[in-house]
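Structure, as structure tokens:
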Protein chains: 2
Amino acid sequence: MSLRERKTAKKKKEIIQSAVSIIGEKGYHATTMEEIASKLLMTKGSVYYYFKDKQELLFQSQKLLLEQSLENIKEVIKEKEIVQEKLREAMVVHVEFLLTESTGFEIGAKPEQLFSGKQLEEILSLRNQYSQYIDELIIEGVEAQVFHEADVKIVRNILLGAMNSVIEWYSTDGQKGKQEIAELMADYLLRILKRDC
Amino acid sequence: MSLRERKTAKKKKEIIQSAVSIIGEKGYHATTMEEIASKLLMTKGSVYYYFKDKQELLFQSQKLLLEQSLENIKEVIKEKEIVQEKLREAMVVHVEFLLTESTGFEIGAKPEQLFSGKQLEEILSLRNQYSQYIDELIIEGVEAQVFHEADVKIVRNILLGAMNSVIEWYSTDGQKGKQEIAELMADYLLRILKRDC
DNA sequence: TCAGTTTTTAACTGTCAAGTTAATTTTCGA
DNA sequence: TCGAAAATTAACTTGACAGTTAAAAACTGA
């Protein structure tokens with residue numbers, strides 16, 4: 001990778017970060033390309049040099065986040081031995097990542113409103129892959145009789161729904177840190193599945 | 001209430017419904033006043049006769065929904081005797097109402113992005129009142145030793161987060177009905193709190 | 001029926017932002 | 001160092017939409 005290429009990659013990343021931070025705050029339509037640019041002391045013409053249009057910029061930013069999430073969960077599943085530990089750690093990491101990238105995730109809450117066609121397909125596919133991993137952990141636990149019999153889809157959606165909501169209510173000026181919240185949530189949610197109480 | 005007044009009220013309601021259905025689908029900024037009007041075979045001038053501006057229309061629609069939610073939970077708390085029954089029924093009704101008014105609720109997910117000033121205050125106040133009711137039920141259960149000791153805020157947010165997510169994944173063409181889903185969710189979520197398993 | 005009031009409409013204005021472009025400046029490898 | 005390629009910019013076009021208005025139509029009560 002040449003110097004030029006690396007510089008371009010860096011610029012793209014900066015632009016994505018700027019976009020995410022402003023869109024996260026004001027919403028996609030309420031955010032202008034000029035704002036995104038001027039936050040980086042650029043003009044919007046420059047932004048259009050790196051990204052074909054506003055939509056593409058949004059898409060790239062979401063894709064990045066979802067790909068990272070997938071990496072995270074794969075990693076956790078590889079590291080841990082016991083099912084219950086796998087699911088617990090997956091949830092902890094999920095909440096922690098959500099909170100460190102909260103603005104980004106706030107944006108992508110409703111993909112079908114933001115994307116269409118090929119882009120929507122790709123985003124939904126990444127999301128599905130992620131759900132799949134959670135489902136597998138639940139099934140594994142049920143089969144190992146560590147967890148109660150359960151409707152996998154519903155429980156998975158409860159877990160994800162509860163966790164994802166954290167970005168709406170977590171406050172940095174509260175007393176609890178991100179890790180603490182993540183662990184508390186994971187423990188509470190595990191109660192839904194755990195056999196021994 | 002005169003005939004005229006009732007007619008006006010009816011028109012306002014129709015406009016709100018139209019607005020909710022389109023905004024729910026495409027998002028607030030992506031929805032035009034013309035679309036809202038033409039769905040009712042009106043022109044947007046007419047809409048402006050009933051609502052001062054687009055923002056006011058959005059606000060009224062959200063206020064209506066939240067007020068209705070409050071009525072619902074008050075009702076449930078009055079009807080039931082046992083704490084656990086109160087919380088369970090509150091959750092069932094919550095999910096059911098969410099699903100019958102799903103488009104409306106999808107819109108209001110991020111109030112701070114949609115509203116500001118007095119409007120935001122009012123919306124947040126209604127939401128807070130609702131949370132308060134849930135909190136009280138949790139506390140009541142803990143004090144009666146029906147529920148585990150628990151961090152009330154976190155558990156309440158888990159419950160609400162999980163329930164509210166239902167509008168994102170419930171599908172009318174799945175096999176389960178709204179009531180069934182509502183009851184399943186309530187039962188799963190109660191496990192977080194219940195002492196006896 | 002008809003006069004006054006309410007409601008609706010079409011046509012208009014002003015603003016704002018997405019995206020384009022051609023000219024200028026910067027960068028970097030030979 | 002120099003020239004070609006890459007990157008940046010200011011100025012522009014275009015279209016869309018919120019909100020206005022003045023005139024027309026519909027309604028209503030006497």
Side-chain angles (χ1 to χ4, degrees), chain A residues 1-62 107 113-117 119, chain B residues 1-62 107 113-120:
Chain A
M1 211 187 208
S2 73
L3 178 69
R4 275 258 159 84
E5 282 173 313
R6 273 185 291 129
K7 270 200 165 179
T8 295
K10 189 184 165 200
K11 260 289 154 63
K12 282 193 175 186
K13 212 171 172 185
E14 283 173 351
I15 293 170
I16 285 177
Q17 275 167 356
S18 170
V20 163
S21 95
I22 303 175
I23 296 174
E25 189 190 315
K26 326 200 345 180
Y28 177 66
H29 287 285
T31 299
T32 71
M33 292 296 266
E34 227 132 41
E35 288 175 295
I36 292 168
S38 80
K39 186 168 184 185
L40 299 167
L41 309 176
M42 294 175 152
T43 58
K44 74 174 163 173
S46 235
V47 174
Y48 278 100
Y49 178 78
Y50 292 97
F51 293 92
K52 153 173 164 287
D53 56 23
K54 196 181 169 186
Q55 184 64 34
E56 181 66 18
L57 179 48
L58 178 73
F59 175 66
Q60 292 300 337
S61 73
Q62 285 300 302
I107 299 168
Q113 214 167 82
L114 295 173
F115 304 108
S116 63
Q119 284 186 346
Chain B
M1 214 186 208
S2 74
L3 178 70
R4 274 259 159 84
E5 283 173 314
R6 272 184 293 130
K7 269 199 166 178
T8 295
K10 190 184 165 197
K11 263 282 156 65
K12 282 193 176 185
K13 212 170 171 184
E14 283 173 352
I15 293 171
I16 286 177
Q17 275 166 356
S18 171
V20 164
S21 95
I22 303 174
I23 296 174
E25 189 190 316
K26 326 200 341 179
Y28 177 67
H29 287 285
T31 299
T32 72
M33 291 297 265
E34 228 131 43
E35 287 175 295
I36 293 168
S38 81
K39 186 167 185 187
L40 300 167
L41 310 175
M42 293 174 153
T43 57
K44 75 175 163 172
S46 237
V47 173
Y48 277 101
Y49 179 76
Y50 292 97
F51 293 93
K52 153 171 164 289
D53 56 24
K54 195 182 172 188
Q55 184 66 33
E56 180 67 18
L57 179 48
L58 178 73
F59 175 66
Q60 292 300 335
S61 74
Q62 285 300 302
I107 299 167
Q113 212 167 84
L114 294 173
F115 304 108
S116 64
K118 268 259 160 276
Q119 284 187 342
L120 181 58

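Protein chains get the first letters and strands the later ones, always in sequence-line order, with residue 1 at the start of each. Because only heavy atoms are used, hydrogens play no part in the values below, and waters and symmetry mates are left out as well, while side chains stay in.
- To the nearest angstrom, P of D:dG19 lies 8 Å from NZ of B:K54.
- At D:dA6, none of the side-chain N or O atoms of A:T8 fall inside 4.0 Å of OP1 or OP2 (strictly under the cut-off).
- With contacts defined as side-chain heavy-atom distances shorter than 4.5 Å, the pair B:K54/B:Y28 qualifies.
- Rounding to whole angstrom units, OH of residue A:Y48 and C1' of D:dA11 are separated by 15 Å.
- In summary, contact between chain B and DNA chain C, defined as any nucleotide atom under 4.0 Å from a heavy atom of the protein, begins and ends at C:dT6 to C:dA10 in the 5' to 3' direction.
- A:T43 comes within contact range of at least one nucleobase, with a heavy-atom separation under 4.0 Å.
- A donor-acceptor contact closer than 3.5 angstrom is absent between the side chains of B:Y50 and B:E56.
- Taking NZ of B:K13 as the start and NZ of B:K10 as the end, the distance is 10.5 Å to the nearest 0.5 Å.
- Candidate nucleotides D:dC17, D:dT8, D:dG19 were compared by shortest atom distance to the side chain of B:D53, and D:dG19 ranks first.
- No contact: B:K52 has no heavy atom under 4.0 Å from any strand.
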Next on the checklist: Is there a side chain to side chain contact (heavy atoms under 4.5 Å, CB included) between B:Q60 and B:K12? Walk through the geometry before answering.
Outcome noted: CA-CA 10 Å; B:Q60 292 300 335; B:K12 282 193 176 185; over 6 Å; no
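- In this structure, the nucleotide among D:dA18, D:dA7, D:dT28 sitting nearest to the side chain of A:Y49 is D:dA7.
- Heavy-atom nearest nucleotides on DNA chain D were determined for B:Q55 and for A:K11, and the one closer to the 5' end corresponds to A:K11.
- Under the 30°/60° scheme for interplanar angles, the aromatic rings of B:F59 and B:F115 are found to stand perpendicular.
- For the atom pair CD (A:E35) and CD (A:E25), the distance works out to 9.0 Å, reported to the nearest 0.5 Å.
- Rounded to an integer number of Å, the gap from B:E5 CD to D:dT28 P is 14 Å.
- To the nearest angstrom, P of D:dA16 lies 12 Å from CD of B:E35.
- Between A:L57 and the options A:V20, A:I16, A:I23, a side chain to side chain contact (heavy atoms under 4.5 Å, CB included) holds for only A:I16.
- Between the side chain of B:K44 and the base of D:dG19 there is at least one donor-acceptor pair of N/O atoms closer than 3.5 Å.
- One can place CE of A:M33 at 15 Å from C1' of D:dT9, the figure rounded to the nearest angstrom.
- Residue contacts for A:F51: at a heavy-atom cut-off of 4.0 Å it reaches no nucleic acid atom on any strand shown.
- Across all strands, B:T32 comes closer than 4.0 Å only to sugar-phosphate atoms, never to a base (heavy-atom distances).
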